[in-house]
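Chain A is the first sequence line, chain B the second, and so forth, proteins listed ahead of strands; every chain is numbered from 1. What you are looking at is a predicted structure, and each value in this text was computed from that prediction instead of being measured.
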Amino acid sequence: MTQVVVDPERTSQGSKALDVAGETRSEYVVQVRGTVAKRLPGTENPNMPTGAVEVIAADVEILNPSKTPPFPITDAITADEALRLKYRYLDIRRPAMRSRLELRHQVALFMRNFLSERGFIEVETPILTKSSPEGARDYLVPSRVWPGEFYALPQAPQQFKQLLMVAGLDRYFQIARCFRDEDLRGDRQPEFTQLDLEMSFVNEEDVMAVVEDLIVALIQTFTTKRIKQLPLPHIRFEDAMERYGIDRPDLRFDLPLKSLGDLALLGDFKVFHDAVKNGGMVKGLRIPGRGTATRRELDELTEFARTFGAKGLLTMQIGADGGVKSPITKFMSPADVQRIIAHMEGQPGDLIVFVADSEKVVNDVLWRMRVKMGEELGLIDPNEMALCWVVGFPMFEVIEENGKQRYHATHNPFSGVKPGHEALFETDPLKAEARQYDIVCNGYEIGGGSVRIHKAEVQRRVFQLLGLNDEQINEQFGHMLEAFEMGAPPHGGLAVGFDRLVMLLSDTENIREVMAFPKNANAQDLLMNAPSPVEREQLDELHIQVKPRPTPSPASQQS
RNA sequence: GGUCCUGUGGUGUAGCGGCCUAACAUGCCUCCCUGUCACGGAGGAGACCGCCGGUUCGAAUCCGGUCAGGACCGCCA
């Protein structure tokens with residue numbers, strides 16, 4: 001960008017440059033012929049990148065005029081996001097958007113070079129592939145050639161990359177588009193990009209080393225932020241759950257959660273007793289300096305806890321003089337209250353909150369409370385990034401589906417089991433540990449992977465435990481099992497959420513800011529106006545009949 | 001499917017029962033200025049306050065519904 005000077009004394013003979021320049025308006029496309037010159041003394045502007053020079057125009061031509069844009073094309077003013085998405089090509093003209101897309105490009109380039117130098121090759125895998133029942137909802141694509149049958153868009157290249165290992169590729173990667181038909185969030189889009197990689201003859205440490213080096217190099221290259229701890233700390237799943245209530249802890253600040261254990265049974269506070277009696281737990285969070293919270297502030301915290309499933313919130317305010325204000329004092333002796341405070345390491349002026357419920361509810365409420373407090377208390381240093389590995393995940397968890405309980409793979413059904421734990425499949429599957437590892441940054445899961453199962457009989461057994469019968473296993477995964485019987489090497493890999501990573505590197509809080517053409521919160525493309533109805537003929541060709549809908553789609557209502 | 005928040009000139013906001021014949025900034029148009037660079041000066045156009053209904057003597061303002069956008073819950077192996 002630079003400044004053009006149209007000086008009638010210095011334009012070409014007979015040029016209309018001055019008149020033409022006078023007609024130009026915002027966003028006009030112009031062609032200028034002229035001479036680059038140093039600015040006159042006193043007219044330089046050191047605040048601009050090209051403030052020392054200017055172009056002395058000989059001729060000016062308008063190549064294309066422009067309507068007045070629907071919103072100002074500057075970084076300063078933020079227009080409504082729906083408008084930005086509808087006119088995304090204008091939005092991308094804003095320098096901040098452009099620089100985020102450039103960053104995205106540079107990150108992709110860096111990844112390709114980094115992995116290529118280490119012997120990885122990028123292989124593309126199909127976009128039209130097979131529907132699989134596990135995991136997210138598939139996007140389906142009807143087959144014209146095969147009436148009544150469907151392709152699915154890949155949720156991830158998972159099976160293909162493992163088959164590439166069986167194919168002897170040894171080191172694969174791909175910057176891959178993935179599709180999941182689930183509702184959107186600030187950090188979730190129905191189509192998104194993963195850095196997907198897989199390696200043969202490796203253990204957990206080998207994969208983690210490559211990824212850790214890459215992520216650390218990316219942060220050091222593209223941000224000015226410090227990484228809190230290097231090499232990255234490893235946290236076991238159960239420790240993460242105990243201390244932070246979530247398997248993707250934000251380690252930029254401390255504020256650990258703490259279980260009361262048997263201390264919950266002191267006195268006769270029924271809520272605590274019941275939680276323990278019903279197999280649940282009581283856990284607390286110490287909030288420094290909030291001991292003077294008002295009634296209203298405490299109510300707000302309680303409401304926050306209720307939003308995420310807690311039936312209530314027990315608060316304990318410690319006065320500057322050490323005096324305790326808490327509903328629990330009616331049910332517990334002062335000495336017992338002091339034991340609990342000591343256990344929670346409470347200081348004068350602190351507020352301690354407790355949730356008593358099932359382990360799931362307790363952790364779910366308290367991890368959010370912890371993050372909220374970390375933000376509110378200003379404990380987060382914006383110049384720091386805190387990463388860690390989370391390891392030691394269980395193979396299975398129990399989920400409820402249509403009122404029935406069943407095992408569910410905590411990550412994916414191809415994750416390997418810790419050596420020696422296979423026997424637990426037959427005795428206590430919930431104790432079996434997966435060879436799974438997640439990489440977490442600032443409370444975001446930015447990547448996850450595992451050393452895979454590479455033996456057919458182990459894989460078959462896992463599918464069985466997940467509730468698939470032999471027929472389903474053969475129909476859906478027969479090709480995998482067969483491949484494992486034909487010289488499959490041990491292998492493992494990982495996938496990084498590319499958009500989410502670029503989002504963190506660019507210090508934005510919304511994945512849409514780092515995507516050129518994202519969908520809105522209702523999965524619509526406001527620029528192309530998709531999805532939209534299609535012609536009857538198209539559907540006929542695809543052997544598809546659409547059920548009548550009571551209300552027309554929003555897209556078909558727009559002009 | 002649910003909860004919450006937001007809809008006021010092109011854009012961003014203020015106003016939150018009567019001072020509103022709706023304010024401010026910016027943008028837009030016309031004219032003036034011409035070494036400016038967030039230029040400056042003068043003037044002007046532009047909004048039935050998302051939509052429908054209700055309460056009220058009176059509604060941008062309160063209530064209900066609806067539509068649109070966003071955040072979150074459910075969902076996301």
Side-chain angles (χ1 to χ4, degrees), chain A residues 1-8 18 21-22 25-27 37 39-54 56 66-87 90-91 132-138 155-156 158-159 178-190 192 303-304 306-309 364-365 368 372 393 395-397 399-401 406-415 434 436 445 448-450 462-463 466-468 476-477 495 497 500 509-510 512 519-524 526 551-552 554-555 557-558:
Chain A
M1 186 145 24
T2 194
Q3 166 168 288
V4 173
V5 176
V6 183
D7 178 353
L18 191 61
R25 295 287 181 273
S26 173
E27 302 308 309
R39 291 194 184 185
L40 300 176
T43 65
E44 304 95 340
N45 188 343
N47 297 323
M48 302 187 78
T50 63
V53 297
E54 59 195 11
I56 310 299
S66 170
K67 286 192 194 173
T68 303
F71 55 86
I73 301 178
T74 61
D75 286 338
I77 303 164
T78 53
D80 180 67
E81 195 174 2
L83 206 60
R84 290 177 57 200
L85 291 176
K86 181 171 178 189
Y87 297 99
L90 300 179
D91 194 35
S132 74
E134 276 281 326
R137 204 174 288 119
D138 283 321
Q155 296 178 24
Q158 181 67 33
Q159 294 186 46
C178 306
F179 306 86
R180 294 178 191 175
D181 187 6
E182 298 293 348
D183 288 344
L184 289 76
R185 287 291 185 278
D187 64 350
R188 253 162 49 187
Q189 282 271 306
F192 60 100
E303 190 46 45
F304 180 85
R306 286 216 174 94
T307 307
F308 299 105
D364 211 37
V365 170
R368 292 172 204 272
K372 181 183 161 76
F393 288 88
M395 283 286 286
F396 307 105
E397 60 192 338
I399 61 158
E400 207 172 273
E401 206 176 56
R406 68 172 188 88
Y407 290 131
H408 181 259
T410 50
H411 281 80
N412 75 45
F414 305 109
S415 177
Q436 166 81 28
E445 182 193 324
S450 62
V462 168
F463 286 141
L466 293 174
L468 298 176
Q476 286 155 17
F477 299 107
R500 217 173 266 179
E509 286 182 350
N510 188 315
R512 296 188 292 270
K519 309 278 187 284
N520 72 356
N522 295 313
Q524 293 169 299
L526 296 179
T551 54
Q557 284 179 324
Q558 287 175 10

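- A pairwise comparison of heavy atoms in A/Asn510 and A/Gly186 identifies OD1-O, 3.5 Å as the closest pair.
- Computed from coordinates, the A/Ile73 CD1 to B/G27 P distance equals 14 Å when rounded to whole Å.
- B/C63 and B/G69: their P atoms are spaced 24 Å apart (whole Å).
- Between A/Phe414 and A/Asn522, the residue whose closest nucleotide on RNA chain B is further toward the 5' end is A/Asn522.
- A distance of about 7 Å separates the C1' atoms of B/A59 and B/G17, rounded to the whole Å.
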### Task
Given salt bridge (charged side-chain N to carboxylate O under 4.0 Å, His left out), test A/Arg512 with A/Glu81 step by step and report yes or no.
CA-CA 10 Å; A/Arg512 296 188 292 270; A/Glu81 195 174 2; 2.7 Å; yes
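- In this model, the phosphate group of B/G70 is not approached by any side-chain N or O of A/Arg185 to a distance below 4.0 Å at OP1 or OP2.
- Distances were taken from every side-chain heavy atom of A/Ala521 (C-beta onward) to each of B/G69, B/G70, B/C37; the shortest belongs to B/G70.
- Taking atom CD on A/Glu81 and atom C1' on B/A68, their separation rounds to 14 Å, with Å as the unit.
- Rounded to whole Å, the P atom of B/A60 lies 11 Å from the corresponding atom of B/A22.
- Not counting sequence neighbours, the partners of A/Thr43 by the side-chain contact (heavy atoms from CB on, under 4.5 Å) test are A/Arg39, A/Leu40.
- The side chain of A/Ser26 has B/C28 as its nearest neighbour among B/G69, B/C28, B/G10.
- One finds no side-chain N or O of A/Asn45 lying less than 4.0 angstrom from the OP1 or OP2 phosphate oxygen of B/C37.
- Nucleotides B/A25 and B/G58 place their C1' atoms 31 Å apart, quoted to the nearest Å.
- On the C1' atoms, B/G27 is 32 Å away from B/U66, given to the nearest whole Å.
- Comparing B/A42 with B/G9, their P atoms are spaced 27 Å from each other, to the whole Å.
- Across all strands shown, B/U36 forms no Watson-Crick or G-U wobble pair with both key distances under 3.5 Å.
- Nucleotide B/C24 has B/G12 as its partner under the Watson-Crick or G-U criteria, with both atom distances under 3.5 Å.
- One interatomic measurement links the two molecules: CD of A/Glu44 to P of B/G35, which rounds to 15 Å at whole-angstrom precision.
- A straight line from CG of A/Leu184 to C1' of B/G69 spans 14 Å, rounded to a whole angstrom.
- When Watson-Crick and G-U wobble pairs are counted only if both distances are under 3.5 Å, B/U66 pairs with B/G50.
- Rounded to an integer number of Å, the gap from CG of A/Asn520 to P of B/G70 is 4 Å.
- Closest to the side chain of A/Asp183, from the set B/G70, B/G10, B/C75, is B/C75.
- Checked against salt bridge (charged side-chain N to carboxylate O under 4.0 Å, His left out), A/Lys519 has the following partners two or more places apart in sequence or in another chain: A/Glu191.
- Between the CZ atom of A/Phe304 and the C1' atom of B/U3 there is a distance of 14 Å, given to the nearest Å.
- Across all strands shown, nothing is found opposite B/A60 as a Watson-Crick or G-U wobble partner with both distances under 3.5 Å.
- Nearest-nucleotide positions on RNA chain B place A/Asp187 closer to the 5' end than the other of A/Asp187 and A/Gln155.
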